[in-house]
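In listed order, ligands and their atoms are each counted from 1.
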Amino acid sequence: MNQSICNKVLTIAAALMGSGLATCCAAEPIVIADFEGADFGNWKVTGDAFGAGPVHGGLPNPWRADLSKPVDGFKGRGFATSYHLGEEGIGSLTSPEFKIERKYISFLIGGNKDLDASMNLLIDGKVVRVAGASRDLPEGSETLVPGSWDVAEFTGQSAVIQIEDPTPTRHISVDQIVQTDVNPPPTAPPTPKLQLFADARRDFKIEKRYLHIPIKNSPPARPIVNTTVDGKVVMKNTIGLADGTPDWWACMNVGAWKGKTLTLQVEKMVAGSKALELIEQSDSIKGADTLYRESLRAQLHFSPRCGWNNDPNGLVFSQGEYHLYYQLNPYGCDWGNMHWGHAVSSDMVHWQELPIAIYPHAPDDSVYSGSAVVDKANTSGWKKGPADLIVAAFTSTARGECIVYSNDKGRTFTEFDGNPVVKHPGRDPRLLWHAPSKQWVMAVYDEDAGKRCIAFHTSPDLKKWTYQSRIEGFYECPDIFELAVDGVASNKKWVLTAANSDYRIGTFDGKTFTPETAMLKGHLGEAFVAAQTFSHDPKGRTIQIGWLALHVVGMPFSQAMSLPNQLTLHSTPDGPRLAWSPVDELKSLRAKSHTVGALTLAPGAPNPLAEVSAELLELRATFTPPAKGEVKFTLRGVTIIYNTEQQDLAVSGRHVAVPLRDGKIDLTVFTDRIVFEVYAAGGQCYAPVSCKPDPAALGAEVSVTGGNATFQKLEMYELNSCWTKP
Ligand code: FRU
């Protein structure tokens, strides 16, 4: 049958179906939603996850560049997704009522593989069919794949479809929901067909410190790997094992079990996999020869040796060392298997990675974000020996907010036997000593009130905690600190902030934060999440590090931390505002300086930075731009353009509003292999922007259009890598 005859037959069949006479063949499909319009039409939208309408192209407005991924597999231009705020949005989309008139409802669906976010068919208010995404986000792209429900038994009944994303850690994407008589065969199987072993295992007589485990960055499956010693599961991790040549080797620290037999038991391993056979024991770290020199390894920013990191945790200074703990997946380049990784530094610039500091307490537990302080007065009574007593708080996903302490300079921690100290739907405890009320405070993300809040609890001794108050409107990873406005000690204000770095300024009496401002914008870039400030900086500064949520693929690591930035509060006509400036310690990286000094730059003038040639650069400039024109910096092939009329700074195409101050712009830029960090307007505009400059582009250039620019300062520094010893 040719196509037009076939269409006609279908149309006639549909007409007959409508009149109840069709019995012989498939009726024309009925499109319930194709998400091609600018909005959701008569679908009901709740919450913020689905935005105002369907999206076109990739996942929308992600503030985590690591998850900014193209999407394919949808039909036409648009599809619906709950990714409008990244994973954090919650909400639902509900169709108008429709009558079930075909045997199947087919659709295209993607997102995280979890029925937390799902598409449901409801009849009489009851869920009768559920569909979830068919796989987790693979590296590089997210594909919507076909799915369908057999709904023949509901023929003639009224139904609605509800797409819901009720939790802030998932997303779902849907397109092309169609009633059809033809059950569509899945055209693109979500994952290669796997033959699974029920129980693959290998025993190791432990003689060395490490097991080297072969890892694939985009594995066809991530099986659960149980580590068993003396018949007890001591660790449970989800690991993308490499069946053949690995992308990199993860290092499992097994030194504690020397002399014992340790078993790795893999739940559902890919048939024929050689992964277990490839595992080696060793006392040294594999790949140490290329370590920190990998092509996409940030050279000014900390990143763990291998695996995935997200939030900085437990930033604390003690006895000459800055400690940086962080959310770490030691066994994969994406999120999962959360431990506290650990690095130390004397200057926050040159870091030394140490062994994992906090492991999950039990196989089904994870160590989520938290903070650390020094209990100088030994209020807890846990101090033993000469080392500072470092106390950390973190979220144990299985238990609640937990307290641990260290008497060995933060290397290892002991559990407080009263854990968990706070139990609630929430996470990410931030500890601080509130001197005026002489008590410990825990600011913690909390959903107890059914809303996204920061809750405050207090304690005299870090053991007994009392709930005090809550403030709405903040999401994950709270931080709270006091700063002197313009450095005036008699005018101090408290700043309350959370994972996206937006903040409110106000007062804090140790129990309640009373805001004096609305929510103010934090960083203006991308890829800056869950920042935290150091406790006890020896110079009394407030120094913040954030997670640079980048998208680095093909490496044994995939994320990094921001530069350490000093935070200050400055008066503005609108009230006090935060400013970020890279810490002075970074000056130790300066290798060569190009100080151009004061200069008037005319359009077409020779490039005053012509002699610069390095991949790691620091630009410091103050200039009066032409009234109607642009000043353009090209650093390592990446453009940073100030447009005076728009008062706009375009960093590699990303627009940041930067107001002129006294007719001038001040600009600081650090260039690294995967990110540029940009500071302007006295640091009130801070924008980390993901950039991957061409390794061959080493120069710098500045030019002007539309009139002259007067530079009061133009300095460029070629920098050393932070991975070379100072
Ligand atoms: C923020 C966050 C935290 C949580 C951690 C888990 O990025 O979601 O709320 O503790 O990451 O890794």
request  = Measure the distances from the heavy atoms of Tyr445 to every atom of ligand 1 and state whether one is below 4.0 angstrom.
outcome  =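 The answer is no, since Tyr445 has no heavy atom less than 4.0 Å from ligand 1.
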ask   = Does Cys477 come within less than 4.0 angstrom of ligand 1, counting non-hydrogen atoms of the residue?
value =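 Contact present.
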task = Please indicate whether any nitrogen or oxygen in Trp547 is less than 3.5 Å from any nitrogen or oxygen in ligand 1.
result =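 No; every N/O pair is 3.5 Å or more apart.
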request  = For ligand 1, find out whether one of its N or O atoms is nearer than 3.5 Å to an N or O atom of Ser369.
outcome  =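 Between Ser369 and ligand 1, an N or O pair is found under 3.5 Å apart.
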task = Apply ring-ring contact (aromatic ring centres under 6.0 Å, His included) to the pair His434 and Phe508, showing each step before the final yes or no.
result = CA-CA 9 Å; His434 187 255; Phe508 182 60; 5.4 Å; yes
inquiry  = Can you list everything that forms a side-chain hydrogen bond (donor to acceptor under 3.5 Å, both in side chains) with Lys451? Sequence neighbours excluded, please.
reply    =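 Here no residue qualifies.
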key: Polar side-chain atom of Lys216 near backbone of Asp247 as donor-acceptor pair, under 3.5 Å   =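 Checked: no pair found.
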In terms of atom number and element, which parts of ligand 1 are under 4.0 angstrom from non-hydrogen atoms of [X]?
X      : result
Trp335 : 6 (C), 12 (O)
Asp428 : 3 (C), 4 (C), 9 (O), 10 (O)
Gln327 : 5 (C), 6 (C), 12 (O)
Asn310 : 5 (C), 6 (C), 7 (O), 11 (O), 12 (O)
Met338 : 12 (O)

inquiry  = Please give me the minimum heavy-atom distance between Pro214 and Ala275, naming the atom from each residue.
reply    =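 That closest heavy-atom pairing would be CG-O, 3.7 Å.
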ask   = Looking at side-chain heavy atoms only, is the closest gap between Ser501 and Phe528 below 4.5 Å?
value =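 SC-SC contact between Ser501 and Phe528 confirmed.
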key: Mutual orientation of the aromatic rings belonging to Trp335 and Tyr368 [parallel < 30°, tilted 30-60°, perpendicular > 60°]   =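 Taking Tyr368 first and then Trp335, their aromatic rings stand perpendicular (interplane angle over 60°).
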message = Can you list everything that forms a ring pair (Phe, Tyr, Trp, His ring centres under 6.0 Å) with Trp249? Sequence neighbours excluded, please.
response =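 Here no residue qualifies.
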